[in-house]
Each structure stands twice: as structure tokens, then as C-alpha cells.
Amino acid sequence: FSGDGQLFISSRHDGTVVRYTNFEHLDLIADDLGIPCGIAFDSNGLLYVGDRTGKIYRIDSAGNKEEFAEMEPSISAYHLAIDSKDRLYVTGPTFSMRDRLIRFSPDGKAENLMDGFARPQGLAFLPDGDLLIAAAFQGKKGIFRYSPESGSLQHFITAPILVGLAVAGKDVFLAGSSSIYWLQLSEQAAVN
């Protein structure tokens, strides 16, 4: 969702991003995006789109796109999330099974934060600024909580293999291959 509450959808089948307006219309926002499969907005309304073949695009409100960054191609999808400082966090499963969490500054400078994730399949920020990552790591699977401030990682929620996650306040939604799970975080869990 954009800052004004509009739903944006990426289509890996035709290489586009569309906006679903007023529950009635699909408006083309950008095309020729390769295989787009991860999207996120920064505080300025710029849309970041991950093309799993190895590019991250940045698109302005007029639909003008530029190549923002390059990455190792993903075998399935990139997962994107943007923090309160407009830094872009990206994961993408590869064949290596030692996948990375990468952070890009607003000007596109990459920083490798962690590696060793297996099948990272979703990113979302909690209200306190910690990042949730759906993945397997060091023999555990589920949701991991990464602190951008300290660089620490903790196993947060045990879950089956997931394909995505979303956060809305204290509500956490986990998507598996055939089910969606809903959790409501306690005040303690949301803050720690």
C-alpha cells in the first residue's frame, strides 16, 4: 500500500506494476520491469521494485523509473522493506542456501548486514523499528527479529516454512504455501 492507502500490485507475468484504485480500476504505473516480485514505498512516495533477475528499480509518482541497484538474481523473489530513514532492506532466495540481508542507503550504496539465511521469504518492520525476517537460520525456522540499531538477531516466532509476512501495528500476518496465520503481539513483544 502507498502512503495514501492505494493498493499496488506487481505482476511477474507481464513485468508491470499497477495501482488498484477505488476498488474498481487498475492503472498501469510502470512496465518493462523484468520479473517484478517485491515492492516497497519510501517516505517520499518513491516506489522500489525488485526484478528477481538482478535489478532494483526506483519509480517516481509520474511512472519514471531508474535502475537503483543490482543484486545477485533470486530463484523466486526479492523481498523489500524500508525503514524510517528510507533505507531499503532486501533479501532474495538463491541456490546458495546462505542468503544475505542487504541494506541500501537512499543513494544506492549497499551494505551486507548478515548472511546465512536459508530461503528468506518476507520482510516487514515492527512499529519499534525492528525488522522481521521469514527464513531459516542456524537450524531454526520461522520469524527472526533483526535490530538495525544493534545488529542483533533473535529467533522470534517458530513457524512452518513461510512465503511472506506483513505487519499492521501489533498484528502480524504470516503466509504459508496454503494457509495464512494471524498473530497479535503483546505490548512486551512489540517493544522488545
Side-chain angles (χ1 to χ4, degrees), residues 1-2 7-19 28-42 46-60 63-83 85-125 131-146 148 151 153 159-167 174-178:
F1 288 92
S2 62
L7 176 64
F8 284 69
I9 304 163
S10 63
S11 172
R12 65 177 65 193
H13 300 292
D14 61 8
T16 63
V17 170
V18 296
R19 179 180 53 226
L28 180 67
I29 299 303
D31 60 4
D32 194 27
L33 297 171
I35 306 172
C37 50
I39 59 178
F41 284 93
D42 71 11
L46 295 172
L47 174 64
Y48 293 79
V49 179
D51 166 10
R52 78 176 197 190
T53 63
K55 292 181 174 56
I56 307 265
Y57 294 104
R58 181 167 47 196
I59 303 168
D60 67 18
N64 300 309
K65 70 178 179 189
E66 65 177 332
E67 188 175 315
F68 176 72
E70 286 193 35
M71 291 186 56
E72 180 179 2
S74 173
I75 59 172
S76 61
Y78 288 139
H79 301 276
L80 284 64
I82 295 182
D83 69 11
K85 298 177 183 174
D86 284 337
R87 298 176 298 187
L88 176 67
Y89 293 71
V90 182
T91 61
T94 64
F95 286 115
S96 76
M97 296 303 286
R98 298 204 39 84
D99 296 313
R100 301 177 293 156
L101 171 62
I102 300 169
R103 178 171 60 201
F104 291 94
S105 66
D107 62 358
K109 183 180 177 197
E111 178 183 4
N112 184 33
L113 299 176
M114 293 195 81
D115 62 9
F117 292 103
R119 301 288 298 171
Q121 294 284 330
L123 298 175
F125 278 98
L131 180 66
L132 298 183
I133 305 166
F137 186 76
Q138 296 182 345
K140 297 177 182 173
K141 61 184 175 183
I143 304 296
F144 293 84
R145 186 175 186 157
Y146 175 79
L153 182 76
I161 299 297
L162 299 169
V163 295
L165 69 98
V167 173
L174 310 174
S177 60
S178 62

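Note that the numbering runs from 1 along the sequence shown for the chain.
- For the pair Leu46 and Asp86, the minimum side-chain heavy-atom distance is 4.5 Å or more.
- Closest non-hydrogen pair, Gly176 versus Val163, comes out as O-CG2, 3.4 Å.
- For the atom pair CD1 of Ile35 and OG of Ser10, the computed distance is 11.5 Å after rounding to the nearest 0.5 Å.
- Residues Arg52 and Pro73 are not in side-chain contact: their nearest non-hydrogen atoms beyond the backbone lie 4.5 Å or more apart.
- Across all non-hydrogen atoms, the minimal contact from Ile59 to Ala30 is CD1-CB, 3.6 Å.
- Within the 4.5 Å cutoff, the side chain of Met71 has no heavy atoms near those of the Thr91 side chain.
- Here the side chains of Arg19 and Ser2 are not in contact, with every heavy-atom distance at 4.5 Å or above.
- Closest approach of Ser11 and Asp14 over heavy atoms only: OG-OD1, 2.9 Å.
- We find the CD1-CG distance between Ile102 and Asp115 to be 10.0 Å, quoted to the nearest 0.5 Å.
- For Pro148 against Leu131, the heavy-atom pair with the smallest separation is CD-N, 4.4 Å.
- Atom CD1 of Ile143 and atom CG of Leu165 lie 4.5 Å apart (nearest 0.5 Å).
- To the nearest 0.5 angstrom, Lys65 atom NZ is 12.0 Å from Asp60 atom CG.
- In this structure, the separation between CD1 on Ile133 and CE on Met114 is 7.5 Å, given to the nearest 0.5 Å.
- Thr94 is linked by a side chain to side chain contact (heavy atoms under 4.5 Å, CB included) to Glu72, Ser96, Asp99, counting only residues two or more places apart in sequence or in another chain.
- Not a single ring pair (Phe, Tyr, Trp, His ring centres under 6.0 Å) links Tyr57 to another residue, sequence neighbours left out.
- Side-chain contact between Leu33 and Asp51: absent, with no pair of heavy atoms (C-beta onward) separated by less than 4.5 Å.
- Closest of all the heavy-atom pairs between Ala81 and Leu123 is CB-CB, 3.9 Å.
- Nearest heavy-atom pair, Phe68 versus Asp107, reported as atom, atom and distance to 0.1 Å: CE1-C, 4.2 Å.
- Of the residues listed (Tyr48, Tyr146, Phe125, Phe104), the one engaging Tyr89 in a ring-ring contact (aromatic ring centres under 6.0 Å, His included) is Phe125, and it is the only one.
- Here Arg87 contributes atom CZ and Asp42 contributes atom CG; the two are 13.5 Å apart, rounded to the nearest 0.5 Å.
- Counting heavy atoms from C-beta on, the side chains of Pro93 and His79 come closer than 4.5 Å.
- Under the 30°/60° scheme for interplanar angles, the aromatic rings of Phe144 and Phe137 are found to stand perpendicular.
- Checked options Val18, Val17, Thr16; the residue passing with Ile9 is Val18 (criterion: side-chain contact (heavy atoms from CB on, under 4.5 Å)).
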